[in-house]
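Below is one structure; the comments refer to it alone.
Throughout, numbering of the chain's residues begins at 1 and tracks the sequence. Just so it is clear, the values below take in all heavy atoms, side chains as well, and ignore hydrogens, waters and symmetry mates.
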Amino acid sequence: LCPTLFGIEFTDVTAETYPLGTRLYYECDDGYERRSGQYAGIWCQRIDQVAAWVYREFECIDKKILLSTGPTMKLDFTQKPERKTQSPAPQKRENMSEFDQKDFCGPPKTIPHASLRLNKQYYLGQVLHFKCQSGYDKRSPTSGTRTCKKVNGQITWTPLNMRCTNDS
């Protein structure tokens with residue numbers, strides 16, 4: 001595991017790929033609720049020599065509909081790894097020369113009325129992209145990345161060379 005990464009003021013954090021072992025969780029949007037008994041988590045694992053997300057059935061349902069007893073539609077959100085190196089969403093692969101798809105999952109599937117909560121626990125090789133939130137980008141550079149690497153036997157994050165400020 002990588003050291004805990006504390007929030008950097010006025011930034012948004014995203015990731016394009018996730019190392020094996022990563023767990024992420026979906027959260028239903030306001031006004032929607034997870035169907036009872038379903039698990040919101042997904043897990044990046046190696047399946048048939050390819051890193052792929054393991055999904056369980058998960059659905060966010062309008063709270064108004066949840067109270068009614070109408071028939072429900074069953075959705076299958078299982079991602080089956082394909083032989084070709086395809087991912088569920090288009091991915092930028094140019095920075096991936098040192099890693100390959102055996103060890104990294106691409107962006108997770110989008111699920112209607114749900115968003116992904118970025119994990120606080122990261123694994124070796126994770127790259128995080130930081131960008132200043134709108135209105136907080138007075139100083140350059142306004143975006144950057146941090147990578148979890150092993151340096152001299154220590155697992156550490158590379159420094160982030162950016163600062164977001166709302167100073168006028």
- Query: Which atom names give the shortest non-hydrogen contact between I42 and P108, and what distance separates them?
  - Reply: CD1-CB, 3.6 Å
- Item | Trace of the ring pair (Phe, Tyr, Trp, His ring centres under 6.0 Å) decision for Y55 with W43 | CA-CA 7 Å; Y55 296 88; W43 190 12; over 10 Å; no
- At their closest point, which heavy atom of E59 faces which heavy atom of Q38, and how far apart are they? N-OE1, 2.7 Å
- Checking side-chain contact (heavy atoms from CB on, under 4.5 Å) for the pair T11/M162: CA distance, chi angles, key distance, verdict? CA-CA 10 Å; T11 61; M162 64 177 280; 3.9 Å; yes
- Message: Applying side-chain contact (heavy atoms from CB on, under 4.5 Å) to H129 and V13, what does each step give before you reach the verdict?
- Response: CA-CA 6 Å; H129 301 262; V13 186; over 6 Å; no
- Quickly, which of V127, L124, T158 forms a side-chain contact (heavy atoms from CB on, under 4.5 Å) with C148? Name it, please. L124
- Message: Rounded at 0.5 Å granularity, tell me how far CZ in F130 sits from CG in D12.
- Response: 10.5 Å
- Item | Distance in Å, N152 CG paired with K150 NZ, rounded so as to fall on 0.5 Å steps | 11.5 Å
- Item | Parallel, tilted or perpendicular: rings of W53 and Y18 (30°, 60°) | perpendicular
- Minimal non-hydrogen separation, Q126 against W157, with atom names: O-CZ3, 3.8 Å
- Measuring from H113:NE2 to S115:OG, what's the distance to the nearest 0.5 Å? 12.5 Å
- Message: As an exercise, state the distance from CG of L128 to OG1 of T147, rounded to the nearest 0.5 Å.
- Response: 8.0 Å
- Message: If I take atom CD from residue Q45 and atom CG from residue L20, how far apart are they, to the nearest 0.5 angstrom?
- Response: 8.5 Å
- Heavy atoms only: give me the nearest P112-C60 pair and the separation to one decimal. O-CB, 3.8 Å
- Task: Check step by step if side-chain contact (heavy atoms from CB on, under 4.5 Å) holds for E33 and C28.
- Result: CA-CA 6 Å; E33 208 167 280; C28 291; 5.7 Å; no
- Query: Of all heavy-atom pairs between P19 and G125, which one has the smallest distance, and what is that distance?
  - Reply: CG-C, 4.4 Å
- Message: Please tell me whether F10 and L5 are part of a single hydrophobic cluster in this structure, the criterion being side-chain heavy atoms less than 4.5 Å apart.
- Response: no
- Message: Give me the atom names and distance for the closest heavy-atom approach of C44 to A51.
- Response: SG-CB, 4.3 Å
- Quick one: CZ on R23 to CD on Q121, what's the gap to the nearest 0.5 Å? 9.5 Å
- Quick one: sort the Y25 and Y39 rings into parallel, tilted or perpendicular, breaks at 30° and 60°. perpendicular
- Query: Under a 4.5 Å cut-off applied to non-hydrogen side-chain atoms, are Y123 and L1 in contact?
  - Reply: yes
- Message: Please determine whether side-chain contact (heavy atoms from CB on, under 4.5 Å) holds for the pair D103 and R46, giving the CA-CA distance in whole Å, both sets of side-chain angles, and the decisive distance to 0.1 Å.
- Response: CA-CA 7 Å; D103 301 316; R46 186 168 284 137; 2.4 Å; yes
- Message: Taking the cut-offs as 6.0 angstrom to the six-membered ring centre and 45 degrees off its axis, would you call K63 and Y32 a cation-pi pair?
- Response: no
